[in-house]
Amino acid sequence: MKKTDRAAQIWALPLPTPGGEFVAHYSTQGLCGLDFPSLGNRPECATTAVPPPPAIRRWHALATEALARALQDQAPENLPPLDLSSGTEFQRRVWRVLRKIRPGQTRTYAEVAREVGNPKAVRAVGGACGANPIPVFVPCHRVLAANHRLGGFSGGLDWKRTLLAREGVKTTG
DNA sequence: CCCTAGCGGTGCT
DNA sequence: AGCACCGCTAGGG
(Lines give C-alpha, C1' and ligand atoms only; values in the text may rest on other atoms or scores of the structure.)
Protein backbone atom coordinates (compact mmCIF):
# COMPACT_ATOMS: atom_id res chain seq x y z
CA MET A 1 0.00 0.00 0.00
CA LYS A 2 3.04 2.20 0.01
CA LYS A 3 5.31 3.29 -2.74
CA THR A 4 7.62 0.36 -2.02
CA ASP A 5 4.85 -1.97 -3.06
CA ARG A 6 4.25 -0.39 -6.41
CA ALA A 7 6.72 -2.59 -8.25
CA ALA A 8 5.02 -5.69 -6.93
CA GLN A 9 1.51 -4.60 -7.78
CA ILE A 10 -0.44 -7.23 -9.64
CA TRP A 11 -3.79 -6.68 -11.26
CA ALA A 12 -6.14 -9.61 -11.69
CA LEU A 13 -8.89 -9.14 -14.26
CA PRO A 14 -11.65 -11.53 -15.29
CA LEU A 15 -11.38 -12.59 -18.90
CA PRO A 16 -14.62 -13.96 -20.28
CA THR A 17 -14.57 -16.44 -23.17
CA PRO A 18 -17.15 -18.77 -24.67
CA GLY A 19 -15.46 -21.52 -22.71
CA GLY A 20 -15.79 -19.80 -19.37
CA GLU A 21 -14.22 -17.02 -17.40
CA PHE A 22 -10.45 -17.03 -17.23
CA VAL A 23 -8.53 -14.71 -14.93
CA ALA A 24 -5.58 -12.74 -16.26
CA HIS A 25 -2.85 -11.37 -14.02
CA TYR A 26 -0.74 -8.37 -14.96
CA SER A 27 2.44 -6.95 -13.56
CA THR A 28 3.94 -3.68 -14.66
CA GLN A 29 5.88 -5.73 -17.21
CA GLY A 30 2.96 -7.44 -18.88
CA LEU A 31 0.72 -10.47 -18.63
CA CYS A 32 2.18 -12.63 -15.91
CA GLY A 33 -0.49 -15.25 -15.30
CA LEU A 34 -3.57 -16.85 -16.79
CA ASP A 35 -5.96 -19.05 -14.84
CA PHE A 36 -8.37 -21.47 -16.43
CA PRO A 37 -12.02 -21.13 -15.50
CA SER A 38 -12.80 -23.02 -12.35
CA LEU A 39 -15.83 -23.48 -10.22
CA GLY A 40 -14.42 -21.34 -7.48
CA ASN A 41 -13.67 -18.53 -9.89
CA ARG A 42 -16.21 -15.93 -8.94
CA PRO A 43 -15.68 -12.53 -10.52
CA GLU A 44 -15.72 -10.65 -7.27
CA CYS A 45 -12.79 -12.48 -5.77
CA ALA A 46 -10.82 -12.27 -8.98
CA THR A 47 -11.05 -8.55 -9.60
CA THR A 48 -8.81 -6.02 -7.99
CA ALA A 49 -10.45 -3.20 -6.13
CA VAL A 50 -8.48 -0.43 -7.78
CA PRO A 51 -9.08 0.17 -11.47
CA PRO A 52 -6.04 -0.79 -13.54
CA PRO A 53 -4.06 1.90 -15.34
CA PRO A 54 -4.65 2.43 -19.06
CA ALA A 55 -1.64 0.42 -20.20
CA ILE A 56 -2.89 -2.64 -18.41
CA ARG A 57 -6.41 -2.23 -19.70
CA ARG A 58 -4.95 -2.09 -23.18
CA TRP A 59 -2.98 -5.28 -22.53
CA HIS A 60 -6.13 -6.87 -21.24
CA ALA A 61 -7.98 -5.98 -24.41
CA LEU A 62 -5.20 -7.58 -26.44
CA ALA A 63 -5.18 -10.66 -24.24
CA THR A 64 -8.94 -11.01 -24.48
CA GLU A 65 -8.89 -10.88 -28.26
CA ALA A 66 -5.87 -13.16 -28.50
CA LEU A 67 -7.38 -15.76 -26.20
CA ALA A 68 -10.60 -15.78 -28.19
CA ARG A 69 -8.56 -16.48 -31.30
CA ALA A 70 -6.44 -19.10 -29.61
CA LEU A 71 -9.50 -20.96 -28.43
CA GLN A 72 -10.65 -21.15 -32.04
CA ASP A 73 -7.31 -22.41 -33.26
CA GLN A 74 -6.31 -19.25 -34.99
CA ALA A 75 -2.83 -18.08 -34.28
CA PRO A 76 -3.06 -15.38 -31.64
CA GLU A 77 -1.87 -12.07 -32.90
CA ASN A 78 -0.98 -8.89 -31.05
CA LEU A 79 -0.27 -10.55 -27.75
CA PRO A 80 0.40 -8.27 -24.83
CA PRO A 81 3.93 -8.44 -23.47
CA LEU A 82 4.42 -11.61 -21.45
CA ASP A 83 6.10 -11.26 -18.08
CA LEU A 84 7.77 -14.62 -17.51
CA SER A 85 10.29 -13.29 -15.00
CA SER A 86 8.89 -15.44 -12.23
CA GLY A 87 10.57 -18.54 -13.64
CA THR A 88 13.97 -19.99 -12.97
CA GLU A 89 16.49 -19.91 -15.75
CA PHE A 90 15.75 -23.50 -16.68
CA GLN A 91 12.02 -22.86 -16.73
CA ARG A 92 12.43 -19.82 -18.94
CA ARG A 93 14.50 -21.87 -21.39
CA VAL A 94 11.71 -24.44 -21.55
CA TRP A 95 9.02 -21.79 -21.95
CA ARG A 96 10.98 -20.19 -24.77
CA VAL A 97 10.99 -23.51 -26.61
CA LEU A 98 7.28 -23.96 -26.01
CA ARG A 99 6.49 -20.60 -27.57
CA LYS A 100 7.99 -21.76 -30.85
CA ILE A 101 5.57 -24.68 -31.19
CA ARG A 102 2.91 -23.66 -33.69
CA PRO A 103 -0.73 -24.67 -33.41
CA GLY A 104 -1.20 -28.27 -34.49
CA GLN A 105 2.44 -29.09 -33.83
CA THR A 106 3.58 -31.08 -30.82
CA ARG A 107 6.78 -32.02 -29.06
CA THR A 108 7.50 -34.73 -26.53
CA TYR A 109 8.96 -33.94 -23.14
CA ALA A 110 12.13 -35.66 -24.30
CA GLU A 111 12.34 -33.51 -27.43
CA VAL A 112 11.94 -30.34 -25.41
CA ALA A 113 14.66 -31.53 -23.06
CA ARG A 114 16.95 -31.99 -26.01
CA GLU A 115 16.07 -28.58 -27.41
CA VAL A 116 16.97 -26.82 -24.19
CA GLY A 117 20.33 -28.56 -24.27
CA ASN A 118 19.69 -30.89 -21.35
CA PRO A 119 18.53 -34.14 -22.89
CA LYS A 120 18.29 -36.07 -19.66
CA ALA A 121 16.18 -33.45 -17.89
CA VAL A 122 13.00 -35.02 -19.17
CA ARG A 123 11.05 -35.02 -15.95
CA ALA A 124 12.30 -31.56 -15.18
CA VAL A 125 10.74 -30.40 -18.44
CA GLY A 126 7.47 -31.76 -17.16
CA GLY A 127 7.96 -29.76 -14.02
CA ALA A 128 8.69 -26.60 -15.99
CA CYS A 129 5.58 -27.14 -18.08
CA GLY A 130 3.56 -27.49 -14.91
CA ALA A 131 5.04 -24.26 -13.61
CA ASN A 132 4.09 -22.35 -16.76
CA PRO A 133 2.16 -19.32 -15.50
CA ILE A 134 0.58 -18.44 -18.87
CA PRO A 135 -1.00 -21.54 -20.38
CA VAL A 136 -2.46 -21.35 -23.89
CA PHE A 137 -0.22 -18.43 -24.89
CA VAL A 138 2.79 -20.40 -23.70
CA PRO A 139 1.46 -23.59 -25.22
CA CYS A 140 2.50 -26.25 -22.76
CA HIS A 141 -0.52 -28.27 -23.91
CA ARG A 142 1.45 -29.09 -27.09
CA VAL A 143 3.94 -31.18 -25.14
CA LEU A 144 3.03 -34.85 -25.14
CA ALA A 145 4.50 -37.96 -23.59
CA ALA A 146 6.29 -40.53 -25.70
CA ASN A 147 4.28 -42.66 -28.11
CA HIS A 148 1.64 -39.93 -28.58
CA ARG A 149 0.32 -40.36 -25.10
CA LEU A 150 -1.32 -37.35 -23.54
CA GLY A 151 0.87 -36.86 -20.49
CA GLY A 152 -0.28 -34.52 -17.76
CA PHE A 153 -1.65 -31.02 -17.49
CA SER A 154 -1.96 -28.89 -14.40
CA GLY A 155 -4.91 -27.02 -15.80
CA GLY A 156 -6.81 -30.31 -16.02
CA LEU A 157 -6.50 -32.94 -18.72
CA ASP A 158 -9.88 -31.97 -20.14
CA TRP A 159 -8.45 -28.63 -21.15
CA LYS A 160 -5.40 -30.26 -22.69
CA ARG A 161 -7.61 -32.59 -24.70
CA THR A 162 -9.86 -29.72 -25.75
CA LEU A 163 -7.04 -27.46 -26.85
CA LEU A 164 -5.32 -30.23 -28.79
CA ALA A 165 -8.54 -31.38 -30.41
CA ARG A 166 -9.20 -27.88 -31.68
CA GLU A 167 -5.78 -27.93 -33.25
CA GLY A 168 -6.41 -31.27 -34.89
CA VAL A 169 -3.90 -33.18 -32.81
CA LYS A 170 -4.62 -36.83 -32.13
CA THR A 171 -3.30 -38.61 -29.07
CA THR A 172 -3.41 -42.21 -27.98
CA GLY A 173 -4.06 -41.46 -24.36
C1' DC B 1 -1.53 -53.76 -18.50
C1' DC B 2 1.79 -53.54 -14.60
C1' DC B 3 6.14 -52.79 -12.45
C1' DT B 4 11.03 -50.81 -11.71
C1' DA B 5 15.15 -48.11 -12.13
C1' DG B 6 17.19 -43.97 -13.51
C1' DC B 7 16.88 -39.35 -14.36
C1' DG B 8 17.16 -33.71 -13.24
C1' DG B 9 14.96 -29.30 -11.38
C1' DT B 10 12.59 -27.40 -7.55
C1' DG B 11 11.08 -26.40 -3.03
C1' DC B 12 11.10 -27.45 1.57
C1' DT B 13 13.57 -28.42 5.98
C1' DA C 1 23.21 -30.68 2.86
C1' DG C 2 19.34 -33.84 2.38
C1' DC C 3 15.00 -35.33 0.68
C1' DA C 4 10.60 -35.98 -1.47
C1' DC C 5 8.01 -34.77 -5.16
C1' DC C 6 7.06 -34.89 -10.30
C1' DG C 7 2.91 -33.17 -16.57
C1' DC C 8 9.00 -38.70 -17.95
C1' DT C 9 11.10 -42.74 -20.37
C1' DA C 10 12.89 -47.22 -21.59
C1' DG C 11 12.92 -51.78 -20.51
C1' DG C 12 10.97 -56.07 -18.80
C1' DG C 13 7.28 -58.97 -17.11
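All figures in this text were calculated on a predicted structure; none of them were measured in a lab. Labels below follow one simple rule: chain letters A, B, ... track the order of the sequence lines, proteins then strands, and each chain is numbered from 1.
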Closest non-hydrogen contact found for A/Cys32 with A/Ile10 is SG-CD1, 3.9 Å
Taking all non-hydrogen atoms of both residues into account, name the closest pair between A/Lys160 and A/Leu150 and its distance.
NZ-O, 2.7 Å
Residues, nucleotides or ligands: over 12 heavy atoms within 6.0 Å of A/Arg99 CZ:
no
Who pairs with B/dC7 - Watson-Crick or G-U, where each distance is under 3.5 Å:
none
Grab the [atom1]-[atom2] distance between [X] and [N] for me, whole Å please.
X: A/Asn118; N: C/dC8; atom1: CG; atom2: C1'; result: 14 Å
X: A/Gln91; N: B/dG8; atom1: CD; atom2: C1'; result: 13 Å
X: A/His148; N: C/dC8; atom1: NE2; atom2: P; result: 16 Å
X: A/Phe90; N: B/dG11; atom1: CZ; atom2: P; result: 12 Å
X: A/Arg114; N: B/dG8; atom1: CZ; atom2: P; result: 17 Å

Specify whether A/Phe22 and A/Phe36 have parallel, tilted or perpendicular ring planes, treating 30° as the upper limit for parallel and 60° as the lower limit for perpendicular.
tilted
Side-chain H-bond candidate by donor/acceptor type, A/Asp35 with A/His25, under 3.5 Å:
yes
Its contact letters, B for base, S for sugar-phosphate only and - for none at protein heavy atoms under 4.0 Å, make nucleotides 2-7 of chain C read ----BB
Any base atoms under 4.0 Å from A/Asn147, or only sugar-phosphate, or nothing? Heavy atoms, all strands.
nothing
Only pairs under 3.5 Å count here: list side-chain donor-acceptor contacts from residues 120-132 of chain A, not counting sequence neighbours, and write none if there are none.
{"from": "A/Asn132", "atom 1": "OD1", "to": "A/Ile134", "atom 2": "N", "distance (Å)": "2.9"}
{"from": "A/Asn132", "atom 1": "ND2", "to": "A/Val138", "atom 2": "O", "distance (Å)": "2.8"}

